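Please read these numbers as outputs of a predicted model, since none were measured by experiment.
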Amino acid sequence: MGWTVRDIPDLKGRTAVVTGANSGLGCVAARELARRGAQVVLACRSQQRGQAALERLLGQVPEARAELRLLDLADLASVRAFAGDWGERRLDVLINNAGLMAIPFSRTADGFETQFGVNHLGHFALTGLLAHRLLATPGARVVVVSSLAHWLSNIDLRDLNSERGYRPWIAYGRSKSANLLFTHELARRLRGHDVLAAAVHPGYAATELQAKGPRLAGSAFQERAAGLLNRLVAAPPEVGATPLLYAATAPHVAPDSFTGPSVLGARTLRGGPGGPWRAAWTRNDAMAERLWAASEDLTGIRFAIP
């Protein structure tokens, strides 16, 4: 039958951060990690939605050790504040899950195109600022949530912020390719250290992502269509979160792996963890190094990896 959440090992004594844990995949991942004994931090942009998610989690897992901390990945000052408040706590698992999909053009607080800024740069900065705590925790893991939609476009190093022309789905694909290139380079830099970096994709899972873009664009028709597709085609969040939990907790996860759903051995959009197709450009060493350097310049954050 393959790996399921029932195979998550005992996580007592371990600490996990899940970004975007107020809904969808992040909410499920936080709940299941807490169910197995981990101290879980729900890193959320909204106090109200994050508190509601925390209360739901505690209602479902009364014995959970969970807390809410505010984190706005569209604002590097918020990312720095989150990391600064972390102090010297241990950090076993960082799940970079939060994201936006195919939204109208906008900019983050720091002037970055929002999908690139949130999906990649915000998580790049967060990981960099917490790298010393990950390195201090034996067996720590960084899980980066990408998407099969990365195949829509490779990154454009000459136009990372889509200033030469913005197309919502292309910008989304670029941000998801950036996630994989980041994972590739992070895994390379972590060689010789007891920290694992791996990427995942959730398949087509029913979350708020599908409707948010049409809602922001003011298209009621597209929003209704997204909701209908979620009901008819998409897997529930519990299925979509399985690759995240697998990469975060299962033994023998390989560095720079890309785990997603599989059904009956075929790489598809639903089912338990498998090894999905990955675009060759996301393993390009030179491209990954150049994106890393550009990300350091844009965020002003250098990773403390010896």
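Ion pair Arg45/Asp75 not flagged as a salt bridge, since none of the NZ, NE, NH1 or NH2 atoms sits closer than 4.0 Å to an Asp/Glu carboxylate oxygen. Of the charged side-chain nitrogens involved, none lies within less than 4.0 Å of a carboxylate oxygen, so that Arg36 and Glu32 do not count as a salt-bridged pair. With respect to the salt-bridge test (charged N to carboxylate O, under 4.0 angstrom), the residues Asp297 and Arg302 qualify. The existence of a salt bridge linking Glu88 and Arg133 is confirmed by a sub-4.0 Å separation between a basic side-chain nitrogen and an acidic carboxylate oxygen.
When every heavy atom of Leu196 is checked against every heavy atom of Ala254, the shortest pair comes out as CD1-C, 3.7 Å. Ala248 approaches Ile95 most closely through the heavy-atom pair CB-CD1, 4.1 Å.
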- [ ] Using the side chain to side chain contact (heavy atoms under 4.5 Å, CB included) rule, take Leu130 and Phe82 through it: C-alpha gap first, then chi angles, then the decisive distance, then the call.
- [x] CA-CA 9 Å; Leu130 293 175; Phe82 180 95; 4.3 Å; yes

TODO: Evaluate the side chain to side chain contact (heavy atoms under 4.5 Å, CB included) criterion for residues Glu296 and Ile301: first the C-alpha distance (whole Å), next the side-chain angles of each, then the deciding distance (0.1 Å), finally the verdict.
DONE: CA-CA 5 Å; Glu296 287 186 330; Ile301 292 168; over 6 Å; no

Open item on the list: I'd like to know whether Thr282 forms a side chain to side chain contact (heavy atoms under 4.5 Å, CB included) with His184, so could you lay out the CA-CA distance, the side-chain angles of the two residues, the decisive distance to 0.1 Å, and finally the verdict.
Closed with: CA-CA 7 Å; Thr282 66; His184 182 67; over 6 Å; no

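In this structure a side-chain-to-backbone donor-acceptor pair under 3.5 Å is present from Asn161 to Glu113. Judged purely by atom type and a 3.5 angstrom limit, Asn154 has no side-chain atom pairing as donor or acceptor with the backbone of Trp281. The backbone N or O of Leu76 lies less than 3.5 Å from a partner atom in the side chain of Asp110, making a donor-acceptor pair. No donor-acceptor pair closer than 3.5 Å links the side chain of Asp194 to the backbone N or O of Pro138.
Not counting sequence neighbours, the partners of Arg89 by the side chain to side chain contact (heavy atoms under 4.5 Å, CB included) test are Thr15, Gln39, Val41, Glu67, Arg69, Trp86.
Considering only heavy atoms from C-beta on, Phe116 stays 4.5 Å or farther from Thr108 through its side chain. With a 4.5 Å cut-off on side-chain heavy atoms, Val253 and Arg141 count as touching. In this structure, the side chains of Leu57 and Leu42 come closer than 4.5 Å at one or more pairs of heavy atoms.
Rounding to the nearest 0.5 Å places CG of Leu291 at 9.0 Å from CG of Leu298. For the atom pair CD (Glu289) and CD (Glu185), the distance works out to 5.0 Å, reported to the nearest 0.5 Å.
Judged by the 6.0 Å distance and 45° axis criteria, Arg189 is positioned over the aromatic ring of Trp292.
Checked against the 6.0 Å centroid threshold, His150 and Phe258 count as a close aromatic pair.
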